[in-house]
Amino acid sequence: MPETITAYVVVVIFVATLIRSTFGFGEALIALPLLALRLPVTIAAPLAVMVSTVIAGVVLVQDWRHVEVRSAMGLIFSALPGIPLGVWLLARGNEHVIKSILGVLIISFSIYALTAGTARHLPDDHYRWLLGCGFLSGVLGGAYGMNGPPLAIYGALRRWSPQHFRATLQGYFLPASLAGLIGYAALGLWRAPLTRYFLFSLPAMAAAILLGRVINQRMKGPGFFRVVYVGLIAVGSVLLVQAIR
């Protein structure tokens with residue numbers, strides 16, 4: 001039933017948007033896999049990118065004063081050479097091996113940060129970490145559309161406040177998502193069903209963005225970063241499960 005599928009899409013987008021608006025990342029684990037269960041990938045992928053673009057744009061309008069501009073620009077530019085490598089790995093690499101390695105690395109670092117590494121802190125931009133995390137975000141984005149984990153690691157190491165964390169990551173995601181939208185449009189994937197699902201989802205997105213901002217503003221540093229690292233462990237676990245399957 002078309003109405004049932006539309007309702008399903010709206011619920012998925014609401015949940016994904018709430019996660020992204022609250023923490024600044026993480027919706028990719030929800031939106032694309034769940035949308036692809038009921039929609040063709042040629043609709044699910046562009047729809048997820050459209051949602052990402054809107055969230056990033058609205059958050060930046062709301063909280064542009066919280067953006068760490070130098071960090072965001074550094075992450076964007078260092079991601080650019082990683083994107084073609086990610087695309088190449090997707091086309092030529094062994095997906096199971098790559099996802100296994102990434103999953104283990106993300107889980108290991110997050111567990112370290114939650115235990116022995118809790119005192120690690122980068123008071124200023126550390127260019128090795130900045131370039132490394134930006135480059136890896138480009139690789140992950142090019143291969144699997146999953147830019148967020150390296151960005152979240154860098155933001156957590158910098159100990160940005162939850163508000164700066166959320167806003168600065170959107171400073172990265174907005175141009176990345178716009179570039180993805182342009183690519184999908186160039187391939188002719190912007191079609192009537194995509195527009196219809198997007199328009200039906202707008203009220204749910206608006207409510208989730210507002211609710212996520214309220215939750216984010218009530219979060220404090222230590223507890224917030226514990227949640228971020230637990231979320232990263234979940235990301236790594238999903239990658240490992242996908243690799244095994």
Side-chain angles (χ1 to χ4, degrees), residues 16 20 24-33 35-36 41-57 59-60 67-106 109 125-157 165 167-190 194 232 235-236 238-239 242-243:
R20 170 76 170 272
F25 78 108
E27 92 291 349
L29 284 177
I30 302 295
L32 186 54
L35 290 174
V41 175
T42 52
I43 294 177
L47 181 58
V49 174
M50 290 176 74
V51 171
S52 175
T53 304
V54 171
I55 299 170
V59 170
L60 287 175
V67 176
E68 299 282 346
V69 176
R70 186 171 62 179
S71 299
M73 295 298 293
L75 291 168
I76 291 169
F77 285 115
S78 58
L80 295 178
I83 294 172
L85 176 58
V87 173
W88 181 85
L89 288 173
L90 178 63
R92 300 291 181 88
N94 187 312
E95 181 178 357
H96 300 288
V97 173
I98 295 168
K99 285 188 174 181
S100 297
I101 293 172
L102 290 172
V104 169
L105 287 175
I106 291 171
F109 181 85
D125 277 323
H126 187 290
Y127 288 101
R128 289 182 183 176
W129 277 99
L130 179 70
L131 296 175
C133 289
F135 179 78
L136 286 176
S137 74
V139 174
L140 275 173
Y144 309 114
M146 198 180 292
N147 310 66
L151 307 177
I153 288 172
Y154 187 74
L157 288 172
F165 187 99
T168 302
L169 263 60
Q170 307 323 301
Y172 172 100
F173 282 124
L174 182 59
S177 299
L178 284 172
L181 274 185
I182 293 170
Y184 286 130
L187 292 172
L189 296 179
W190 197 317
L194 173 61
L232 287 170
V235 172
V238 169
L239 286 170
Q242 290 177 347

Any non-hydrogen side-chain atom of [X] less than 4.5 Å from a side-chain atom of [Y]?
X: Leu232; Y: Phe25; answer: yes
X: Leu75; Y: Ser137; answer: no
X: Leu85; Y: Phe135; answer: yes
X: Met50; Y: Trp190; answer: yes
X: Tyr172; Y: Thr168; answer: no
X: Leu151; Y: Cys133; answer: no

For the atom pair [atom1] ([X]) and [atom2] ([Y]), what is the distance rounded to the nearest 0.5 Å?
X: Ile153; Y: Leu136; atom1: CD1; atom2: CG; value: 8.0 Å
X: His126; Y: Leu131; atom1: NE2; atom2: CG; value: 10.5 Å
X: Thr53; Y: Ile182; atom1: OG1; atom2: CD1; value: 9.5 Å

How close do [X] and [Y] get, heavy atom to heavy atom, and via which atoms?
X: Ala72; Y: Val67; value: CB-CG1, 4.5 Å
X: Ile106; Y: Pro149; value: CD1-CB, 3.9 Å
X: Pro46; Y: Leu181; value: O-CD2, 4.2 Å
X: Ser78; Y: Gly74; value: OG-O, 2.8 Å

task = Determine, step by step, whether Asn147 and Leu140 satisfy the side chain to side chain contact (heavy atoms under 4.5 Å, CB included) criterion, reporting the C-alpha distance in whole Å, the side-chain angles of both residues, the deciding distance to 0.1 Å, and the verdict.
result = CA-CA 5 Å; Asn147 310 66; Leu140 275 173; 5.9 Å; no
query = For Ala36, what residues pass the side-chain contact (heavy atoms from CB on, under 4.5 Å) criterion, not counting sequence neighbours?
reply =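 Ala36 satisfies side-chain contact (heavy atoms from CB on, under 4.5 Å) with Val41, Ala44 once adjacent residues are dropped.
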query = Do Gln170 side-chain atoms and Gly57 backbone N/O form a donor-acceptor pair below 3.5 Å?
reply =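 Pair absent, no side-chain N/O of Gln170 close to backbone of Gly57.
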key: Which residues share a side-chain hydrogen bond (donor to acceptor under 3.5 Å, both in side chains) with Ser52, sequence neighbours left out   =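 If we apply the side-chain hydrogen bond (donor to acceptor under 3.5 Å, both in side chains) test to Ser52, skipping adjacent residues, the hits are Arg20, Ser177.
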message = Apply side-chain hydrogen bond (donor to acceptor under 3.5 Å, both in side chains) to residues Tyr154 and Ser71 and explain how you reach the verdict.
response = CA-CA 9 Å; Tyr154 187 74; Ser71 299; 4.6 Å; no
